[in-house]
Chemist: 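Below you will find the structure I want to go over with you.
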Amino acid sequence: MKLIYGVKDRPKAGQLILFALQQLLAILAATIAVPMIIGNGMSISAALFGAGVGTIVYLLFTKFKSPVFLGSSFAFIGSMSAAFAGAASVSYLGYFGLIIGALFAGLVYVIIAVIIKFVGVNWIDKVMPAVVIGPTVALIGLSLAGNAVGNVAGNVLDSGTGAYLMDLHGIICLICGLITLAVTIICSIYGKKLLKMIPFIIGILTGYVVAAIFTGFSYIEGAEALRIIDFAKFAQMEWYPEFTFLKLFDIDYSAADMGAYIGTVAVAYIPVAFVVFAEHLADHKNISSIIETDLLKDPGLSRTLLGDGVGSMVGALFGGCPNTTYGESVGCVAISGNASVITIFMTAIFAVAASFIAPFVTFLATIPDCVMGGVCIALYGFIAVSGLKMIQQVDLNENKNLFVVSIILITGVGGMALQFGKVTVTAIACALILGILANVLVNMRGKNKGGNDAEEEKVAKGDDAVVDVIHSETSVTVNDHTEESRNETV
């Protein structure tokens, strides 16, 4: 796609503020969802603060060349739960586990980054070529599809049919979600200037207003099903972030077997870090294709890993949640056409500042799931499409490529997540691992007869006709690439 603002561009002050708010809205739901899922008194405003600080650390390590926001990682939810479970009855010991676990996970990234610094990244293109990384990126979007659709449809399934139950509340959720999606599309496609660049803000605000209207009528007796927004949250505002590291001073360390506990945390966190490493590669391949710069080479995979790892450590120190690069942030860049890294920096500043503004954080927390689901249909869809676009580089007429892509898509979409004790290997990670192994298997014998290899042999023998065909195909590819750069597609 043709970017409106490149990585090094700086939008005007007013636009910059709106772009940053849009990014904040895009990453908000997932960032605050993790501490809400874990519970145990975790602070959503502290998680938001940790995400902001972690992103700033990431930007510093990547020399402000990678326009991606870091937010709370869902991959570590099982690990975080294990940290609290292993704490038993020792008060606040679970928070110590959150910080130590994030340090273990971050250390994995640091070690991998040091190794890559010495061996380089060329092996990555061999281990994970387009035939592997393309469908994996597509899976990142497809794996989130159920969340977006469920939120829009009200998240109530009929046990018999498995379909979403369209009672009155479900219908209202569907209306709010579809209106949000429609307004987002209209602004992005038909909007002029600023409207075209901030479709998420307009879409979410429109959906929120519609939901607020329905919620207003819900206070009439018998109309409770119309209640979409929980305004009661404003009476329970969290006025300041309760930072995780502050809990460390209230722990009775003498009451716990610290050696055994640290071992439990290490086993829960370290294996997951290797899984998230695979997703880190996929995310950076994805954003690289959007900004047309290979981030694995500049600023380099070692730097992106260090930024992600150290940013995750710092984020957990404040908010308890290990951070990771966000697909929602990448999707926002793709749809808005704004890859300005200054926007990401401003978003991080906003996240840090907003964590101390209770009414603002509470307002963000009251955005209904159905409204966020409306914009996430587009966000997650753009991530999936960007992966499919990478597959365009692959000749699927060759069975060896077809097998690799098929294995990744089916195991990923089929939800092949595997649990080994307290360690869960996500469906995306399983699909990527199987894809890598399948790619090695189908290429073990080197060049196969037929297909592209046969054409290359003919070229080597001086077959002019084949040369002409290949030159023609190359020309078409170049022209297509040029044309795509003019169009606003991912």
Side-chain angles (χ1 to χ4, degrees), residues 18-19 21-33 36 69 71 74 140-157 163-191 194-218 225-231 233 326-338 347 363-386 488-490:
L18 290 175
F19 285 145
L21 286 174
Q22 180 168 253
Q23 272 279 351
L24 187 62
L25 290 173
I27 59 87
L28 176 78
T31 297
I32 67 174
M36 292 173 67
F69 191 92
F74 276 75
I140 293 175
L142 295 175
S143 66
L144 297 168
N147 295 334
V149 171
N151 287 340
V152 169
N155 280 318
V156 179
L157 287 170
Y164 289 101
L165 185 61
M166 285 293 100
D167 56 6
L168 181 58
H169 183 78
I171 291 173
I172 300 303
C173 286
L174 185 63
I175 290 173
C176 293
L178 293 181
I179 287 176
T180 302
L181 176 60
V183 172
T184 301
I185 293 172
I186 291 171
C187 289
S188 181
I189 302 300
Y190 302 107
L194 189 59
L195 284 181
K196 190 179 186 69
M197 293 184 282
I198 56 168
F200 295 137
I201 290 181
I202 306 302
I204 290 173
L205 290 179
T206 303
Y208 193 96
V209 170
V210 173
I213 292 172
F214 281 119
T215 300
F217 285 107
S218 72
L226 299 178
R227 191 164 301 166
I228 306 299
I229 301 176
D230 182 10
F231 287 118
K233 290 182 178 179
Y326 258 24
E328 291 89 340
S329 176
V330 175
C332 189
V333 170
I335 294 177
S336 66
N338 173 33
T347 304
F363 164 73
L364 296 179
T366 61
I367 297 176
D369 289 342
C370 58
V371 172
M372 289 305 302
V375 296
C376 283
I377 286 177
L379 277 173
Y380 301 157
F382 268 63
I383 297 170
V385 170
S386 65
E488 294 182 2
T489 57
V490 176

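One is the number of the first residue; the rest follow in order along the sequence.
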Chemist: Please give me the minimum heavy-atom distance between Ile229 and Pro368, naming the atom from each residue.
Modeler: CG1-CG, 3.6 Å
Chemist: Once rounded to the nearest 0.5 Å, what's the spacing between atom SG of Cys173 and atom OH of Tyr164?
Modeler: 12.0 Å
Chemist: Does any part of the side chain of Val156, heavy atoms only, come nearer than 4.5 Å to the side chain of Met166, both counted from C-beta?
Modeler: no
Chemist: Using a 4.5 Å cut-off on heavy atoms from C-beta on, say whether the side chain of Tyr208 contacts that of Thr366.
Modeler: yes
Chemist: To the nearest 0.5 Å, tell me how far Phe200 CZ sits from Ser188 OG.
Modeler: 7.5 Å
Chemist: Hey, what do you get for OH (Tyr326) to CG (Leu28), rounding to the nearest 0.5 Å?
Modeler: 9.5 Å
Chemist: Between Ala211 and Cys176, what is the shortest heavy-atom contact and its length?
Modeler: CA-SG, 3.8 Å
Chemist: Flag the pair Val152 / Leu181 as yes when at least one side-chain heavy-atom distance between them is below 4.5 Å, and no otherwise.
Modeler: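 Contact flag for Val152/Leu181 side chains = no.
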Chemist: With rounding to the nearest 0.5 Å, note down the distance linking CG in Leu21 to OG1 in Thr347.
Modeler: 8.0 Å
Chemist: Could you check whether any side-chain heavy atom of Asn147 comes within less than 4.5 Å of a side-chain heavy atom of Cys376, counting everything from C-beta outward?
Modeler: no
Chemist: If I compare all heavy atoms of Gly203 with all of Thr184, which pair ends up nearest, and what's the gap?
Modeler: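 Gly203 and Thr184 have their closest heavy atoms at CA-OG1, 3.5 Å.
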Chemist: Considering residues, nucleotides and ligands other than Phe231, do more than 12 of their heavy atoms fall under 6.0 Å from its CZ?
Modeler: yes
Chemist: What is the distance from atom OG1 of Thr206 to atom CD1 of Ile201, rounded to the nearest 0.5 Å?
Modeler: 11.5 Å
Chemist: With a 4.5 Å heavy-atom cut-off, do Asn338 and Phe19 have their side chains touching?
Modeler: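 The answer is yes; the side chains approach within 4.5 Å.
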Chemist: Can you name the closest pair of heavy atoms from Cys187 and Ile202 and give their distance?
Modeler: SG-CG2, 3.5 Å
Chemist: Got a second to check how far Ile228's CD1 is from His169's NE2, nearest 0.5 Å?
Modeler: 4.5 Å
Chemist: Is there a donor-acceptor contact under 3.5 Å linking the side chains of Tyr380 and Ser143?
Modeler: no
Chemist: Apply the test side-chain contact (heavy atoms from CB on, under 4.5 Å) to residues Leu25 and Ile367: give CA-CA distance (whole Å), side-chain angles for both, the deciding distance (0.1 Å), then the verdict.
Modeler: CA-CA 10 Å; Leu25 290 173; Ile367 297 176; 3.8 Å; yes
Chemist: Does either side chain, that of Asn155 or that of Asn151, offer a donor lying less than 3.5 Å from an acceptor on the other one?
Modeler: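 Present: a donor and an acceptor within the cut-off.
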Chemist: Please name the pair of heavy atoms, one in Gln23 and one in Cys332, separated by the smallest distance, quoted to 0.1 Å.
Modeler: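 That would be NE2-CB, 3.8 Å.
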